[in-house]
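Encoded as C-alpha cells, the structure appears first; notes follow it.
As the structure is a computational prediction, the values presented were derived from the model and not from experiment.
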Amino acid sequence: MESSISAIALLLVILVPCALGGHDYGQALSKSILFFEAQRSGYLPHNQRVNWRSNSGLQDGKASGVDLVGGYYDAGDNVKFGLPMAFTVTMMSWSIIEYGKQMAANGELGHALDAVKWGTDYLIKAHPEPNVLYGEVGDGNTDHYCWQRPEDMTTDRRAYKIDPSNPGSDLAGETAAAMAAASLVFRHYNPAYANELLSHARQLFEFADKYRGKYDSSITVAQKYYRSVSGYNDELLWAAAWLYEATNNQYYLNYLGENGDSMGGTGWSMTEFGWDVKYAGVQTLVAKFLLQGRAAHHGPVFERYKDKAENFLCSCMKKGTRNVQTTPAGLIFRQRWNNMQFVTSAAFLATVYSDYLSSAGANLRCAAGSVQPSELLRFAQSQVDYILGDNPRATSYMVGYGNNYPRQVHHRGSSIVSIKVNSAFVSCRGGYATWYGRKGSDPNLLTGALVGGPDAYDNFADERDNYEQTEPATYNNAPILGILARLSGGHSGYNQLLPVLLPPLNHPDPSAYPKTLPSPVSSSTPITVEQKMTTSWTAKGNTYYRYSTKVTNKSSKTLKDLKLTISKLYGPLWGLEKSGESYVFPSWLNSLAAGESLEFVYIHTTSPANISVSSYTLS
C-alpha cells in the first residue's frame with residue numbers, strides 16, 4: 001500500500017506544474033466553479049458548499065402564476081437577467097464539452113455539471129410554453145436602490161416575458177443555444193434530461209426565428225443593464241450552430257450556410273465576444289465544423305466564417321489589420337466597466353481554436369504572418385496569468401486566489417454579514433448605511449469571483465463603490481473554466497476535432513468536499529487553516545484524494561514557531577517538516593508575515609485529516 005501511494009505521489013509531483021512554480025491552474029479552476037454556488041437563487045441544495053448563503057427569491061414568478069424559483073444572480077445585485085444567464089450556461093457547457101476530461105482529472109467535473117444544471121433547471125421553468133420565455137425577474141432600478149443580501153430582499157420581484165406579441169429573438173436564441181449546448185453535456189449522464197433540453201432548444205429556436213425582434217424592446221427594464229446592441233442575427237446563427245452540434249440535423253447546417261452572409265456571420269470581423277455580441281463565437285464554432293469535414297456543400301460559406309474567426313484571433317494577438325487594444329502590460333482592454341468579461345471570452349476562443357488547429361495540423365493565418373497553435377495557446381495563458389497575478393500590481397483578480405486579491409468586492413451578499421452569523425434584518429437603505437460604505441474587508445469571501453479588473457493603464461482601486469472594477473459577474477467566470485481546465489490538465493493526447501466523450505463521474509466521499517464557511521465580521525483567531533480536495537483518482541481498486549491546505553496569518557504581526565497537530569493522516573505530506581509529534585515550517589521558511597499564507601498538500605484514501613494549531617508566537 002505505501003509503495004503504491006509513493007509511486008503515485010511521485011508521479012503527481014512531476015506532473016503538477018505548481019510544484020515547480022507558476023500558477024496552480026487546478027486550484028484556480030476549483031475556485032472559479034465554487035463562485036457559481038455563491039450566485040445561486042432559490043432553495044439551496046444539501047451539498048451547498050458556500051455556506052454563508054441561504055435560500056432566497058422563493059416567491060419569484062408567483063405573481064405571474066409561474067414557478068421561477070432558482071437560477072443565478074448575474075453579478076453583485078439580486079436581479080435574474082435571462083440573456084447573460086443563458087450565455088453563462090452556454091459558455092460553461094462549451095468549457096465542459098471541450099475540456100471535461102481535464103475537469104474530471106482535477107476532481108471538478110461533477111461540480112461543473114451541477115453549475116450548468118442549476119442554470120438549465122431554471123431556464124426550463126422560464127420556458128413554460130413553446131412561444132413564451134421569461135427573461136427577467138426583478139428590476140434593476142429598484143434593486144440598485146437597495147443594498148441587501150439576497151435573503152433579505154424587499155425589492156420588486158416582478159417577472160418579465162417575451163411572446164409572439166412582444167418578441168425577443170436574441171433572448172430566445174441565446175437560451176436555445178444554452179439548452180442545446182447543455183444537452184451535449186448531459187447526453188451520457190442523464191439522457192432523458194438531455195432530450196428535454198433539446199426539445200426546449202428546438203422550440204425556442206423556432207420561436208426566435210419566426211417572431212423576430214429585440215428582447216429589450218419588449219422587456220424595456222433591461223435596456224439600462226443588458227441592452228442588445230448587436231441585435232438578434234448573431235444569436236439566431238449562434239443557436240443554429242449549437243443545435244447543429246447537438247443534433248447533426250441538416251436543417252441547422254443549411255440555416256448557417258444559407259443565412260451566413262445576410263445575417264453577418266461571414267461579414268463581421270469582430271474585436272469582442274460576449275453576452276451581447278456572439279459573432280466571434282459563431283465563427284469559431286462553424287470553423288470547427290469546417291475542419292471536421294461537416295460543412296457539406298456549404299464549404300465556401302463556411303470558409304468565410306472561418307476567415308472571420310481567424311481575423312478575431314489575429315486581432316487579439318496584435319497580428320491583424322485591426323487589432324484589439326491592450327493595457328501596457330498586455331491585458332485585452334475593451335471598456336472601463338467590467339472589462340474582464342471580454343478577456344476571458346476571447347482567451348477561451350483562443351484556447352479552443354489552438355486545439356482545433358493543432359488537431360488539424362494547421363496554423364493561424366494572420367496579416368502579420370502564420371501563427372502556430374502553440375503561440376495561440378500561450379496568448380490565452382498570458383491573459384489568465386495576468387488575471388491570476390502576473391501584472392504590474394501583482395494583484396490576483398480572482399477573489400481568494402493568491403495572497404493579494406480584492407477584499408472589498410461590489411457584491412451585496414459578500415459585503416453584508418451572513419444571515420447565518422447575524423440574522424438581524426438588513427433593510428433596503430440600511431444596507432448602504434451600514435455595509436456599503438464600510439471600508440473593511442468583506443465579511444464573506446466570494447471565492448473564485450472574477451472582478452471587473454484594471455483600467456486601460458493597469459490601475460485598479462479595491463473599493464466597494466468602484467463597481468466598474470470590483471463587481472464580479474457569472475459571465476466573467478464561465479469561459480475561464482475551460483481555459484483553466486486545459487492549462488491544468490494539458491491536451492490529454494486526443495484529437496479535439498473528434499467527438500469528445502466525457503469520462504464517468506467519480507463521486508468521492510462528500511465529507512471530503514471543500515466548505516466555505518461563514519465568517520463573523522471580526523475574528524479573534526489570528527491563524528486560519530483551510531483544506532480543499534483538489535483532485536482524486538483510482539488506482540488498484542483504491543480511490544486517492546489530494547488535499548491542499550492553506551495556513552494564513554490573519555494577524556498584524558509576524559507568525560513564528562508554528563506547530564500544527566495532524567491526526568488521521570494516512571499518506572505522504574509535502575510542504576511541512578515533522579518535529580516530534582508536531583509539524584513545523586519547512587526548512588526554507590521560518591516565519592509568515594502579516595497576511596501571508598503557507599500551503600502544503602497530502603494524499604490519502606479517505607476524508608480530510610484533522611489539522612489544528614497547537615502553538616505559535618507573534619512578534
Distance-only polar pair, side chains of Asp209 and Tyr255, donor-acceptor under 3.5 Å: yes
Applying side chain to side chain contact (heavy atoms under 4.5 Å, CB included), run through Phe379 and Val371 and close with a yes or a no. CA-CA 11 Å; Phe379 162 76; Val371 176; over 6 Å; no
If the threshold is 4.0 Å, N to carboxylate O, is there a salt bridge linking Lys288 and Glu98? yes
Any salt bridge between Lys278 and Asp170, counting N to O under 4.0 Å? no
Phe87 and ring pair (Phe, Tyr, Trp, His ring centres under 6.0 Å): which partner among Phe273, Trp275, Trp242? Phe273
Restricting to ring pair (Phe, Tyr, Trp, His ring centres under 6.0 Å), what partner residues turn up for Tyr160, sequence neighbours left out? none
Can you see which heavy atom on Leu349 is nearest to which on Gly281, and at what distance? CD1-N, 4.1 Å
Listed partners of [X] passing side-chain hydrogen bond (donor to acceptor under 3.5 Å, both in side chains), at least two apart:
| X | result |
| --- | --- |
| Arg322 | none |
| Lys31 | none |
| Ser370 | Asn363 |
| Gln39 | His411 |

Could you go through the side chain to side chain contact (heavy atoms under 4.5 Å, CB included) check for Met85 and Thr474 one step at a time? CA-CA 8 Å; Met85 192 194 304; Thr474 55; over 6 Å; no
Pairwise distance CD(Gln102) to OG(Ser488) - rounded to 0.5 angstrom: 8.5 Å
So, [X] side chain and [Y] main chain: donor-acceptor pair closer than 3.5 Å or not?
| X | Y | result |
| --- | --- | --- |
| Asn131 | Pro164 | no |
| Thr90 | Ala178 | yes |
| Ser359 | Asn495 | no |
| Thr344 | Asn476 | yes |
| Gln283 | Trp268 | yes |
| Trp238 | Tyr279 | no |
| Glu235 | Glu174 | no |
| Asn339 | Ile332 | yes |

Determine, stepwise, if the pair Tyr397 / Val343 fulfils side chain to side chain contact (heavy atoms under 4.5 Å, CB included). CA-CA 12 Å; Tyr397 294 106; Val343 178; over 6 Å; no
Yes or no on side-chain hydrogen bond (donor to acceptor under 3.5 Å, both in side chains) for Thr120 and Tyr193, after CA distance, side-chain angles and deciding distance? CA-CA 10 Å; Thr120 51; Tyr193 187 68; 2.7 Å; yes
Qualifying residues under disulfide (SG to SG under 2.5 Å), relative to Cys314, sequence neighbours excluded: Cys366
Residues in salt bridge (Lys or Arg N to Asp or Glu O under 4.0 Å) with Asp121, at least two apart? Lys117
Any salt bridge (charged side-chain N to carboxylate O under 4.0 Å, His left out) pairs touching [range], not counting sequence neighbours?
| range | answer |
| --- | --- |
| residues 333-347 | Glu272-Arg334, Arg336-Glu468 |
| residues 357-376 | Asp307-Arg365, Glu310-Arg365 |
| residues 340-361 | Asp355-Arg486 |
| residues 182-201 | none |

Evaluate side-chain hydrogen bond (donor to acceptor under 3.5 Å, both in side chains) for Thr266 paired with Asp261, printing each intermediate quantity in order. CA-CA 5 Å; Thr266 63; Asp261 292 337; 2.4 Å; yes
Let me see the working for Tyr305 and Phe302 under ring-ring contact (aromatic ring centres under 6.0 Å, His included), right down to the final yes or no. CA-CA 5 Å; Tyr305 277 103; Phe302 280 27; 5.7 Å; yes
Under 6.0 Å from the six-membered ring centre of Tyr251 and within 45° of its axis: does the NZ or CZ of Arg202 meet both? no
Are more than 12 heavy atoms, taken from residues, nucleotides or ligands other than Lys318, located less than 6.0 Å from that residue's NZ atom? yes
Anything under 30° is parallel, anything over 60° is perpendicular, the rest tilted; go ahead and classify Tyr356 against Tyr353. perpendicular
Please state whether the rings of Phe205 and Tyr252 are parallel, tilted or perpendicular, taking 30° and 60° as the class boundaries. perpendicular
For residues 214-224, pull every pair meeting side chain to side chain donor-acceptor pair (under 3.5 Å), keeping only residues two or more places apart or in separate chains. none
Between Asn311 and Ser315, does a side chain to side chain contact (heavy atoms under 4.5 Å, CB included) hold up when you go through it step by step? CA-CA 6 Å; Asn311 284 352; Ser315 74; over 6 Å; no
